[in-house]
Amino acid sequence: MAQITKRSEDYSRWYQDVIAAAEMAENSPVRGCMVIRPNGYAIWENIQRTLDDKFKELGHVNAYFPLLIPKSFLAKEAQHVEGFAKECAIVTHHRLKQVTVNGKVDLIPDPESKLEEEYIIRPTSETIIWDQYRKWIQSYRDLPLLINQWANVMRWEMRTRMFLRTTEFLWQEGHTAHATAEEGRAETLQMLEVYRWFAEDILAMPVITGAKSESERFAGAQETYSIEAMMQDKKALQAATSHDLGQNFAKAFDVKYQNAEGKVEFVWATSWGMSTRIMGALIMTHSDDDGLVLPPRIAGTKAVIIPIWRKDEEMVEVVAAAEKIAAELRPIVGAIHVDKRDNMRPGWKYAEWERKGVPLRMEIGPRDLKDDQVMMAARHDRNKQAVKIVDLVTAVPAELERIQQDLFDRAKQRLVDATVEIDTWDDFTKLFQGDGGFAHCHWCGDAACEQAIQDKTKVTIRNIPFERDETEGECVHCGNKSIGRVLFSQSY
RNA sequence: CGGGGCGUAGCGCAGCCCGGUUAGCGCGCCUGCUUCGGGAGCAGGAGGUCGGGAGUUCGAAUCUCCCCGCCCCGACCA
């Protein structure tokens, strides 16, 4: 069994070890692309379910658009090209041909099957979706158009890391069209709030909401908003984004509607997304040196029951009791696993389920049976207590709720403890040469100054928080006038 | 793409410098018995084109060249 490197020794090694030990994902033969294993995919399925329900509650519907996009589409929105052209995979042929070279059979693209117009594999779907929206939107009565897509996308990054940055990744992308700028802006902010809710209430991951600086804006957006979380190494991770696209895509793809007065106008657009990257954030927010730690609301398995026995007669009794408890609890708390394997001892099983991040463990043996109780142990703080079997229907949901809240509080405390206000360049460099963290600092608003800070320290503006100090001050780097503080940090 | 490290059984590694019988070790896996309340013990067993290709040699895991992949640091990146 692979040992998990301690966080204090090598944080990024620890991260990879946790993923391997929890059997969440592993590398594949395809460079930069990972295999998401059942333990990891179960989490993604829960993410999908929860978000999808919320999207629909707010009036969105799902659709599916092609994986391949005509190359020319990308060129239609100038900034969009600039942002994505460098990382696109391109389909150039539609057929292979067998050839024999030095007696060996090989396959090459059949030159005769070269495509007249090449396709790119979508790095994001704005272009192909907006090309379609042109056909769907004529009247203000067609608006708003609120569509989401669950899909895979591909961005040919130079350096990849499991979940955080993979060549292919899974995500949802919402693409909406509206009659007015105000409606578009309201949708953008509404979806950002959904992401904040999801991160904090479901993933127990406190975030800072705010607007991106101009240089960090999505390619083609008028305004980009993000939620930023703090990992245990005090670096920031952008957990989701929501973009107000203004009329940029409507103009690029000629999407117009006629209003009630008969006037023809371009529509207003938004897009918003959360990807499998969030699972990297989830791992780095809660897990410890013993492996994965998951908040109950997103865990694939909420609790595991470990029957303990010596003799075969005991096994029959204990397993039956465990199954009965599981059956009673499942309708209340969700997936519960009874670990009946008879080829390993309880201690081994405890360690294994701890590695895999199951939030709650119940142990039931002959001694417990006699006392009509089980031992109940929480993964994240090792709190262990005896609970009467009749009380489980209330005790288990309550304990899961305590775990959920505890994980959030713990993460929130880390965030608060590692967040400071900094006013001098000297203190700024000291902070980021040392432990790092989140720093609220004055900034002049100049992109060149922002770039200079990044070049010198690798620190970037994570966002301009909604809740921030807007009193005047001097830019932490250049000393010019500032109209408030923004959030600085090193990031993933 | 630049610098560094690594690639030998499912996992972790030794062997390589200095070429030489059937390539080892630990964990895991299979079979059996004893065990079972915090990573069990004993016995037997299965599992390898030594990342790929070419070369040097009587002989290559070991030497040379090329390629591929992974990890770390850069560059790159909603």
Side-chain angles (χ1 to χ4, degrees), chain A residues 1-5 10-13 15-17 20-21 23 26-34 79-80 82-88 101-102 104 123-124 126 153 155-162 164-167 169 171 173 211-221 223-228 237-243 245 271-275 277 290-291 306-312 314-315 318 339 341-355 361-371 373-375 377 382 384 386 454-455 458 460 462-463 491-492:
Chain A
M1 193 53 56
Q3 283 299 305
I4 297 172
T5 308
D10 184 341
Y11 192 80
S12 87
R13 186 65 171 271
Y15 173 71
Q16 296 175 79
D17 287 349
E23 297 174 2
E26 59 194 32
N27 281 315
S28 75
V30 184
R31 182 199 185 101
C33 295
M34 63 179 179
Q79 290 168 288
H80 200 65
E82 209 184 308
F84 289 110
K86 288 169 290 188
E87 48 192 45
C88 285
V101 185
N102 300 331
K104 281 181 188 166
T124 179
E126 272 80 2
V153 291
R155 297 180 188 179
W156 213 272
E157 304 281 359
M158 297 203 162
R159 197 165 144 196
T160 60
R161 304 188 73 188
M162 289 256 186
L164 300 177
R165 183 169 288 115
T166 48
T167 303
F169 57 92
W171 75 349
E173 45 180 330
K212 284 290 189 182
S213 66
E214 195 183 340
S215 61
E216 296 263 336
R217 220 169 261 164
F218 175 71
E223 191 79 78
T224 287
Y225 300 94
S226 73
I227 56 172
E228 304 282 334
L237 191 142
Q238 176 179 294
T241 49
S242 185
H243 315 290
L245 302 175
S271 72
W272 26 273
M274 180 178 274
S275 73
R277 180 176 221 220
D290 295 321
I306 302 189
I308 298 164
W309 67 83
R310 266 171 224 271
K311 304 175 203 119
D312 287 355
E314 287 174 340
M315 180 179 89
V318 160
D339 188 348
R341 291 174 296 180
D342 63 357
N343 59 334
M344 43 190 83
R345 309 196 330 174
W348 175 271
K349 294 181 181 179
Y350 300 166
E352 179 179 325
W353 293 110
E354 280 164 8
R355 277 200 305 276
R361 180 182 76 233
M362 281 169 273
E363 308 160 12
I364 179 162
R367 287 209 298 272
D368 299 304
L369 224 46
K370 216 180 306 165
D371 297 335
Q373 64 170 33
V374 303
M375 294 304 295
R382 305 299 158 84
K384 195 164 166 174
Q454 183 176 356
D455 292 344
K458 290 183 209 162
T460 52
R462 298 325 305 153
N463 65 23
S491 76
Y492 279 98

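The sequence lines fix the lettering, A, B, ..., with proteins before strands; numbering per chain opens at 1. Quantities reported herein were computed from a predicted structural model and do not represent experimental measurements.
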| Neighbour count above 12 (heavy atom, 6.0 Å) for A:E214 CD |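 Atom CD in A:E214 is not packed in, count stays at 12 or less.
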| Whether over 12 other heavy atoms sit under 6.0 Å from A:W171 CH2 |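 For A:W171, atom CH2 is crowded (more than 12 foreign heavy atoms under 6.0 Å).
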| request: Report the residue (A:A351 or A:S28) whose heavy-atom-nearest nucleotide on RNA chain B is the more 5′ of the two. | output: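 Between the two, 5'-proximity favours A:A351.
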| request: Map A:R165 and A:Q16 onto RNA chain B by nearest heavy atom, then report which one ends up closer to the 5' terminus. | output: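 Its nearest nucleotide being more 5', the pick is A:Q16.
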Output the rounded distance in Å from [atom1] ([X]) to [atom2] ([N]).
X      : N     : atom1 : atom2 : result
A:I306 : B:G38 : CD1   : P     : 11 Å
A:R382 : B:G39 : CZ    : C1'   : 13 Å
A:M34  : B:C70 : CE    : P     : 14 Å
A:W156 : B:C1  : CH2   : C1'   : 15 Å
A:I4   : B:G39 : CD1   : P     : 17 Å
A:R341 : B:G28 : CZ    : P     : 14 Å
A:E157 : B:A75 : CD    : P     : 15 Å
A:M315 : B:G37 : CE    : C1'   : 17 Å

| Are A:T460 and A:E216 linked by a side-chain donor-acceptor pair shorter than 3.5 Å? |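 A:T460 vs A:E216: no donor-acceptor pair found between side chains.
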If you measure from the [atom1] atom in [N] to the same atom in [M], how many Å do you get, rounded?
N     : M     : atom1 : value
B:G20 : B:G59 : P     : 15 Å
B:C77 : B:C29 : C1'   : 42 Å
B:A61 : B:G15 : C1'   : 8 Å
B:G26 : B:C73 : P     : 35 Å
B:G44 : B:G7  : C1'   : 33 Å
B:G55 : B:C16 : P     : 27 Å
B:U21 : B:C50 : P     : 16 Å

| task | May I ask you to decide if the ring planes of A:F218 and A:H243 are parallel, tilted or perpendicular, using 30° and 60° as cut-offs? | result |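 Rings of A:F218 and A:H243: parallel, under 30°.
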| request: Select base, sugar-phosphate, or nothing to describe what A:E126 touches, counting heavy atoms under 4.0 Å on all strands. | output: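 A:E126: no heavy atom of the nucleic acid under 4.0 Å.
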| message | Classify A:G220 by what it touches in the nucleic acid, base, sugar-phosphate, or nothing, heavy-atom distance under 4.0 Å. | response |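 Answer is nothing: A:G220 stays at 4.0 Å or more from every strand.
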| field | Counterpart base for B:C42, defined by Watson-Crick or G-U wobble contacts under 3.5 Å | value |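 Because both required distances fall under 3.5 Å, B:C42 counts as paired with B:G32.
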| With both distances kept under 3.5 Å, what pairs with B:G59, Watson-Crick or G-U wobble? |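 Result: none.
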Checking the side chain of [X] only, and the main-chain atoms of [Y] only, is there a donor and an acceptor separated by less than 3.5 Å?
X      : Y      : result
A:K349 : A:R341 : yes
A:S28  : A:C33  : yes
A:K212 : A:E223 : no

Between [options], which nucleotide gets closest to the side-chain atoms of [X]?
X      : options             : result
A:K86  : B:C77, B:C72, B:G69 : B:C77
A:N27  : B:C70, B:G39, B:C72 : B:C70
A:R161 : B:C72, B:C77, B:G38 : B:C72
A:E363 : B:G37, B:G69, B:C71 : B:G37
A:M158 : B:C77, B:G37, B:C76 : B:C76
A:R361 : B:C72, B:G38, B:C70 : B:G38

OP1 or OP2 of [N] less than 4.0 angstrom from a side-chain nitrogen or oxygen of [X], does that happen here?
X      : N     : answer
A:R367 : B:G37 : no
A:S12  : B:C71 : no
A:Q238 : B:C77 : no

Close N/O contacts between protein and nucleotides 32-36 of chain B (under 3.5 Å):
unit_1	atom_1	unit_2	atom_2	d
B:C36	OP1	A:R310	NH1	2.9
B:C36	O2'	A:W309	O	3.0
B:C36	N4	A:R310	O	3.2

So which protein nitrogen or oxygen atoms get under 3.5 Å of nucleotides 41-44 of chain B's nitrogens or oxygens?
none

| Which letters describe nucleotides 2-7 of chain B, given B = protein heavy atom under 4.0 Å from base, S = only from sugar-phosphate, - = neither? | ------
| query | Ignoring hydrogens and angles, are the base of B:G37 and the side chain of A:D368 linked by a donor-acceptor pair under 3.5 Å? | reply |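 When only heavy-atom distances are counted, A:D368 does reach the base of B:G37 through a donor-acceptor pair under 3.5 Å.
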| Aromatic A:F169 / basic A:R277 pairing, under 6.0 angstrom, 45° off normal |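 Because its charged atom misses either the 6.0 Å distance or the 45° angle limit, A:R277 does not stack over A:F169.
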| A:E314 with A:R367: basic N within carboxylate O range, under 4.0 Å |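 No, this pair does not count.
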